[in-house]
Every structure is written in C-alpha cells, then in structure tokens.
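The structure under discussion appears below in the form of structure tokens.
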Amino acid sequence: MQLAHRRRTGAFRGDARDRSLGAVLVEAAFVTPLFLLLVFGIIEVGLAMNDRLALAHAVRAGTRVASASGNDRLADYGIIKTVMAEAAALGDDQIEMVIVYRADGIGDPPPDRCLEGRSARPTTKTDDACNVYLPEDFGVKKDKWGCKDEEDLDEFWCPMSREVVRSQGPEYVGVYMKVSHRWVTGMFGQTVTLTDQSVIRLEPRAR
C-alpha cells in the first residue's frame with residue numbers, strides 16, 4: 001500500500017515537473033526572440049548615434065575652419081581636410097557629399113540646387129553660391145585647389161571672393177555633410193541617410 005502510494009506520489013511530482021519544464025520552454029520560446037530583438041535594436045541605435053555624433057562633430061569643426069580661413073585662397077582645402085580628419089570614425093565609403101555654401105544667416109540650409117549635386121551647381125557667384133565636394137575630391141592634392149582656371153574644385157564659390165569686410169558684417173559660411181549609415185542586422189533596412197549642417201560668420205578682417 002505504502003509502496004503504491006509512493007509510486008503514485010512520485011509519478012505526480014514527475015508530471016508536475018514535466019509540466020513546469022514545458023511551461024518554461026514555451027515562455028522561453030516567446031521571450032527569447034523579443035529579448036534578442038531588443039538587444040540588437042539597442043546595438044543598431046547605438047551605432048547610428050555614434051555615426052550621428054561623428055557627423056555633427058565633423059561639420060562643426062569644418063565651419064570653425066571656414067570662419068577662421070575667411071577669404072584665404074585655400075580655405076576649402078582646409079575645410080575638407082578638417083572634415084575628413086574629424087570624421088575618421090566614419091568609414092571612407094560612408095561620406096557621400098560635403099557642401100561649402102554661402103548662407104544668409106545662422107541655421108540657413110544649403111540651396112536646393114546645391115543639394116542636387118555637382119551638375120546642378122551655379123556657374124557664377126549668385127545667391128546659390130556653393131562648392132559641392134564628392135568622394136573623389138576628398139583626396140585631391142593641395143596644388144589643385146585655390147580657384148585655378150584649369151580646375152573646378154572650388155571655383156563656384158571661390159574662397160577669395162568671400163566678403164570678410166562689409167558694412168553689415170562679414171558673410172556667413174555653411175558646411176553641409178551627407179553620410180550613409182549601414183544597418184548591421186538589417187532590422188531597419190540596409191542603409192539610412194544622415195545629414196547635418198552648421199553655419200557661422202566669417203571672421204572679420206581689418207580694412
């Protein structure tokens with residue numbers, strides 16, 4: 001009698017353990033994918049924020065150089081070199097475009113025409129004056145810069161034409177940058193485009 005009772009009790013406990021284990025496995029099957037989704041999502045957002053910060057830092061460093069350079073002949077050369085150095089956290093193939101443009105004031109975006117790329121740049125100094133730089137321009141040697149007749153790197157808004165002495169104050173210069181961020185897991189697609197811009201006044205010069 002006691003042996004039979006013990007067998008029934010043991011069987012009952014075994015069934016209870018099996019049911020408990022089964023419940024745990026079912027819960028794990030539901031929770032684990034959600035947990036992994038959360039972890040990978042945090043990683044993806046963190047990497048994107050890292051690129052966003054690198055972008056913002058590079059753009060602001062570029063505008064500081066632009067302001068300090070004023071109408072120096074090699075101003076844009078210095079801007080591009082600074083932007084590339086400060087954007088070292090980004091991959092070389094992530095930077096799609098850098099625009100140096102004349103702005104009307106703080107916060108002014110680059111003209112739509114300039115955002116369309118090099119083919120749409122103005123050919124004379126107009127309200128849409130800007131220099132559009134693409135990846136193939138980033139490594140161009142110093143002797144190619146400086147508004148040279150045989151080159152078209154910085155001639156569309158020649159640095160030497162920038163007004164640092166005016167009755168209403170120096171001109172504003174803006175730096176715009178466009179980069180591509182690649183998603184690692186593909187949760188949010190393949191890539192996302194990140195952009196940033198900064199505008200600053202050219203440092204005044206003595207007459």
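Applying the side chain to side chain contact (heavy atoms under 4.5 Å, CB included) test to Leu37 and every residue at least two apart in sequence or in another chain returns Met187. Scanning for side chain to side chain donor-acceptor pair (under 3.5 Å) contacts around Asp149 gives an empty result, with sequence neighbours left out. Every side chain to side chain contact (heavy atoms under 4.5 Å, CB included) that Leu47 has, sequence neighbours left out, goes to Ile43, His181, Val184. Under the salt bridge (Lys or Arg N to Asp or Glu O under 4.0 Å) criterion, Lys144 pairs with Glu151, sequence neighbours left out. Shown here are the side chain to side chain donor-acceptor pair (under 3.5 Å) partners of Ser198, two or more places apart in sequence or in another chain: Thr63. A search for side chain to side chain contact (heavy atoms under 4.5 Å, CB included) contacts involving Asp108 returns Ala103, Asp104, not counting sequence neighbours. Contacts of Lys81 classified as salt bridge (Lys or Arg N to Asp or Glu O under 4.0 Å), with partners at least two apart in sequence or in another chain: none. Residues passing the salt bridge (Lys or Arg N to Asp or Glu O under 4.0 Å) test with Arg73: none are found, sequence neighbours excluded. Not a single ring pair (Phe, Tyr, Trp, His ring centres under 6.0 Å) links Tyr172 to another residue, sequence neighbours left out.
You'll find the side chain of Tyr77 stays beyond 4.5 Å of the side chain of Val140, heavy atoms only. Considering only heavy atoms from C-beta on, Ile79 comes within 4.5 Å of Val175 through its side chain. Looking at heavy atoms from C-beta onward, Thr195 lies in side-chain contact with Tyr176 at the 4.5 angstrom threshold. Contact check for Asp93 versus Arg182: side-chain heavy atoms found under the 4.5 Å cut-off. Side-chain contact between Arg102 and Cys130 is absent, with no heavy-atom pair separated by less than 4.5 Å. For the pair Phe138/Ile95, a side-chain contact is recorded, criterion being any heavy-atom separation below 4.5 Å from C-beta on. Lys148 is listed as a side-chain neighbour of Asp143, based on a closest heavy-atom distance under 4.5 Å. You'll find the side chain of Leu202 reaches within 4.5 Å of the side chain of Arg162, heavy atoms only.
With hydrogens and angles ignored, the 3.5 Å screen pairs no side-chain donor or acceptor of Glu96 with any backbone N or O of Lys178. Using a distance-only test at 3.5 Å, with no hydrogens or angles considered, a donor-acceptor pair links the side chain of Gln94 to the main chain of Ser180. Side-chain atoms of Asn71 do not come within 3.5 Å of backbone N or O of Ser161 as any donor-acceptor pair. In terms of modelled atom types and a separation under 3.5 Å, the side chain of Asn131 and the main chain of Phe156 share a donor-acceptor contact. Between the side chain of Asp76 and the main chain of Asp154, no donor-acceptor pair closer than 3.5 Å is present.
Here the CG-NE2 distance, from Leu90 to His57, works out to 11.0 Å after rounding to the nearest 0.5 Å. Annotation: the span from Leu153 atom CG to Ile80 atom CD1 amounts to 9.5 Å, rounded to 0.5 Å. Distance check, rounded to the nearest 0.5 Å: OG of Ser69 to CZ of Arg64 gives 12.5 Å. Cys147 contributes atom SG, which lies 11.0 Å from atom CH2 of Trp157 (distance to the nearest 0.5 angstrom).
Listed here is the closest heavy atom pair of Met160 and Gly146: CE-O, 4.0 Å. Across all non-hydrogen atoms, the minimal contact from Ala48 to Leu194 is O-CD1, 4.2 Å. Closest of all the heavy-atom pairs between Thr82 and Gly78 is OG1-O, 2.8 Å. The minimum heavy-atom distance between Pro111 and Tyr101, with the atom names listed, is CD-CD1, 4.2 Å. Nearest approach of Glu86 to Ala61, heavy atoms of both residues: CG-CB, 3.5 Å. Between Gly70 and Ala75 the shortest heavy-atom distance is O-CB, 4.1 Å.
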- Message: Set out, in order, the CA-CA distance, both residues' side-chain angles and the distance that settles side chain to side chain contact (heavy atoms under 4.5 Å, CB included) for Tyr133 and Val100, then state yes or no.
- Response: CA-CA 8 Å; Tyr133 299 110; Val100 179; 3.9 Å; yes

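In this structure, Ile42 shares a hydrophobic cluster with Leu38, the cluster being traced through Ile, Leu, Val, Met, Phe, Trp and Tyr side chains under 4.5 angstrom apart. Connectivity analysis of hydrophobic side chains (ILVMFWY, heavy atoms under 4.5 Å, direct or indirect) links Val45 to Met49.
Counting non-hydrogen atoms of neighbouring residues, nucleotides and ligands closer than 6.0 angstrom, the CG atom of Asp112 reaches no more than 12 such neighbours.
Cluster membership check: Val192 shares its hydrophobic cluster with Val179, using side-chain heavy-atom separations under 4.5 Å among Ile, Leu, Val, Met, Phe, Trp and Tyr.
Sorted by first and then second residue, the pairs that involve residues 42-61 and meet salt bridge (Lys or Arg N to Asp or Glu O under 4.0 Å), not counting sequence neighbours, are Arg60-Asp196.
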